[in-house]
2 protein chains.
Amino acid sequence: MPENPNPTAARRSVGITQVAKHAGVSPGTVSNVLNRPERVATETRERVEAAIRELDYVRNSSGSNLRSGRSDCVGLLVLDVTNPYFTEVARGVEDEAVESGLAVLLLNSAEDHGRQERNLRLLAGQRAAGAVVMPIDDDLSDLRWLSKQGIPWVALDRGDVPVEEGCSVSVDNEAGGLAAGRHLIGLGHERIAFLTGPFSIDQVHRRHQGLLQAVIEAGLDPDTALDLVHVPQLNPEQGEKAVDTVLAGGPRQRSTAVFCANDQLALGFLKGLGRRGLRAPDDISVMGYDDIDVAALVHPGLTTVAQPKYKLGRTAMSLLREHFDDPGHRHERRLFTPEIVLRGSTAAHRA
Amino acid sequence: MPENPNPTAARRSVGITQVAKHAGVSPGTVSNVLNRPERVATETRERVEAAIRELDYVRNSSGSNLRSGRSDCVGLLVLDVTNPYFTEVARGVEDEAVESGLAVLLLNSAEDHGRQERNLRLLAGQRAAGAVVMPIDDDLSDLRWLSKQGIPWVALDRGDVPVEEGCSVSVDNEAGGLAAGRHLIGLGHERIAFLTGPFSIDQVHRRHQGLLQAVIEAGLDPDTALDLVHVPQLNPEQGEKAVDTVLAGGPRQRSTAVFCANDQLALGFLKGLGRRGLRAPDDISVMGYDDIDVAALVHPGLTTVAQPKYKLGRTAMSLLREHFDDPGHRHERRLFTPEIVLRGSTAAHRA
DNA sequence: GATTGACATTGACACGTTTCAATCACGGTG
DNA sequence: CACCGTGATTGAAACGTGTCAATGTCAATC
């Protein structure tokens, strides 16, 4: 196997030593210029900086990480890059990270267990400074492994992480469900359909709990006031398909409002309505959850429960930063309260 | 400053030497197990693998990259993580990358020049194996710099990259504009508004060229048949605001169809219509470009020009792979042809 | 003029890995 | 029995950087 010498590209890139030679100074000094500029005399520092510029030197982070044991990279493990909800969170994480000079590696687990594990191994291999991760389910073993590797993490959108295991930042899904319920009931709706995925998804389960509470506190009978419609996945297609089921009616009579566990479901539902020549809120009030960008884009606009996505990402990253600054740091759980965004898809029930 | 020894976490993680000791073998052998398993006797290999498992060893990529000069990371520099168009491309890149055992670092330039440059420097610092990048504008100097650092790249969605500078994968925007024009004219529309951002955006400019060509080949007079409506940005808000301008009419008479340079614009336009009690296609036919997920979600569905986004990402990555396999590789330009997706927002013009 | 201290700079080593020539063990062949 | 070849293993030398004790310089103080 003739290992070709590859004459053009294979010249190993310029390093600290070449810069040192070019500036007539020792490698150690160059390193100092890079890391503790205040320790080196202004005159020599400028000489070194000039050399760096002339040779187009860029620090080899492998060497740097290896020696220092540190890395200025943090990982952001996201459930699905395609989902607008997560990308908004990502923006928050990034903005906070660049402010402290950290680079963000955005990794995509694509809702896949193997891929999540592989990505965490990658981070461990890089000896990343830390990780913000949206776990794929409530199995914490991967995260425990990460801790054992000495990599601090913050869980995102997982209120069920025990605070002794690690930090978490999440939104109060129960409060969201409660607020949504109150809104609809306040509009006079007394039969509400809850269009949802499987309750094995913790977030969705809690939203239902909140809704239930709203019904009870209003003095309504859950059995007649609530119509539970389950679909296998939280995507638009399922939302569209579910229209008939919802319109067919609940235990006594058909619902006058539908609360979807998810904006994606709600959007699909709206589309299904349109297909049948119906529309919200005239024929039925529709409410979503998440407030993804598109929710404001459809007509009528989708009334929904807004998650502070950007802020979520930002706080997660800042929690991670606290870890760096103070290694003896106690874990923390931050819980945000969602807010309702009123748009056109819900209206008062005409009696 | 008392550098605290941090007794629990700071034990430097287990390395190849510890594994070697634990398996009663030399470090070199462990390395061989990791990199060329066929060279080591099955019996010892199993012993080493057991040690790896027991000590929970994970290879330190800093050390590895440093010594070998190689890295198994490729960068994916994206214009905007928030934009669904890019995330779909990202999926394609990722899928192709994992198949060849490469890890993808997803970096976000957030449409910002400084950030693009910083991210490229980061990649260079990591000595990444290569990069797939969507350049923020037609300024190639950043990419040239990357080449000089010995990092191969493939430009995405930039048909105007000279093939001697580097590889590129893009979609034929002129063909897209042409197809859209033919579709609308075929439906009997003889006054068409083109709702667009500034022509300094190359992609948009070309779509207009295509549209123009369609008008000319149909024997129409561009001056009367085309109504150019410029907005500063390609987002939904601008699309919504532009409704009045478009409806006010072109040179002679108001247009019966509007072709938006972008789905985002088109969606905003649709919403603006709804607000005014109008709807597509009854009052005006609306057409978009990109075929983002939401286009299928609104009612009526948005007729649009579909870009093969996933395929785009995948080919970009495969082109990069060719670079690795054959360093003497000549640059290549791949051009895809977009396809029209017919939905409900366009219809024949009632004379 | 000797001593001290502050400040700049240097040299050498260590980080964890890969690589490669060198060594070793061993069975087969002349 | 000497020789060779093959296959498995080892040891040592890098890769580029950060760190730190040691050295050097110079001015101020006694």
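Chain naming here is simple, since letters A, B, ... match the order of the sequence lines and numbering starts at 1 in each. All values reported here derive from a predicted model rather than from experimental measurement.
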Qualifying residues under side-chain hydrogen bond (donor to acceptor under 3.5 Å, both in side chains), relative to B/Ser31, sequence neighbours excluded
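Scan of B/Ser31 (side-chain hydrogen bond (donor to acceptor under 3.5 Å, both in side chains), adjacent residues dropped) gives B/Asn35.
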
With a 3.5 Å cut-off and no angle check, do the side chains of A/Arg127 and B/Ser13 form a donor-acceptor pair?
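Checked: A/Arg127/B/Ser13 side chains pair up, N/O donor to acceptor below 3.5 Å.
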
Under the criterion salt bridge (charged side-chain N to carboxylate O under 4.0 Å, His left out), which of B/Arg314, B/Lys311, B/Arg91 is the partner of B/Glu96?
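When B/Arg314, B/Lys311, B/Arg91 are each tested with B/Glu96, the salt bridge (charged side-chain N to carboxylate O under 4.0 Å, His left out) holds only for B/Arg314.
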
With no hydrogens and no angle check, is any side-chain donor or acceptor of A/Ser100 less than 3.5 Å from a backbone partner on A/Leu102?
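A pair under 3.5 Å: no.
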
Are any side-chain N or O atoms of B/Ser318 and backbone N or O atoms of B/Thr315, one a donor and one an acceptor, separated by less than 3.5 Å?
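The answer is yes, because a donor-acceptor pair under 3.5 Å joins these two groups.
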
Which whole-number value in Å describes the distance from [X] [atom1] to [N] [atom2]?
X: A/Asn60; N: D/dA14; atom1: CG; atom2: C1'; result: 14 Å
X: A/Asn65; N: D/dG18; atom1: CG; atom2: C1'; result: 11 Å
X: A/Leu66; N: D/dC15; atom1: CG; atom2: C1'; result: 9 Å
X: B/Asp72; N: C/dT17; atom1: CG; atom2: C1'; result: 13 Å
X: A/Gln18; N: D/dT17; atom1: CD; atom2: C1'; result: 13 Å
X: B/Arg67; N: C/dT18; atom1: CZ; atom2: C1'; result: 5 Å
X: B/Arg70; N: C/dT18; atom1: CZ; atom2: C1'; result: 9 Å

Shortest non-hydrogen separation from A/Leu156 to A/Leu312 and the atoms involved
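For A/Leu156 versus A/Leu312, the nearest heavy atoms are CD1-O, 3.9 Å.
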
Do you know the tightest heavy-atom contact between B/Phe336 and B/Pro308?
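Reported closest heavy-atom pair: CB-CG, 3.9 Å.
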
Using a strict 4.0 Å threshold on nitrogen-to-oxygen distance, state whether A/Asp95 and B/Arg115 make a salt bridge.
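A salt bridge links A/Asp95 with B/Arg115.
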
With a cut-off of less than 4.0 Å, is there a side-chain N or O of B/Ser26 near OP1 or OP2 of D/dG11?
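No, no such contact exists.
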
For D/dG18, does either OP1 or OP2 sit under 4.0 Å from a side-chain N or O belonging to A/Ser64?
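Indeed, a polar side-chain atom of A/Ser64 lies that close.
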
So if I take every side-chain heavy atom of A/Ile16 and compare against D/dT19, D/dA13, D/dG18, which nucleotide ends up nearest?
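Closest of the options to the side chain of A/Ile16: D/dG18.
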
End-to-end bend of the helix from C/dG1-D/dC30 to C/dG30-D/dC1 (five-pair axes, 10° rounding)?
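The two end axes of the helix from C/dG1-D/dC30 to C/dG30-D/dC1 meet at 70°.
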
If you apply the rule side-chain contact (heavy atoms from CB on, under 4.5 Å), what do you find for A/Gln126 with B/Gln126, and how did you get there?
CA-CA 10 Å; A/Gln126 299 256 24; B/Gln126 299 256 25; 3.8 Å; yes

For DNA chain C, the residues among residues 29-56 of chain B that have a non-hydrogen atom under 4.0 Å from it:
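Those residues are B/Ser31, B/Asn35, B/Arg36.
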
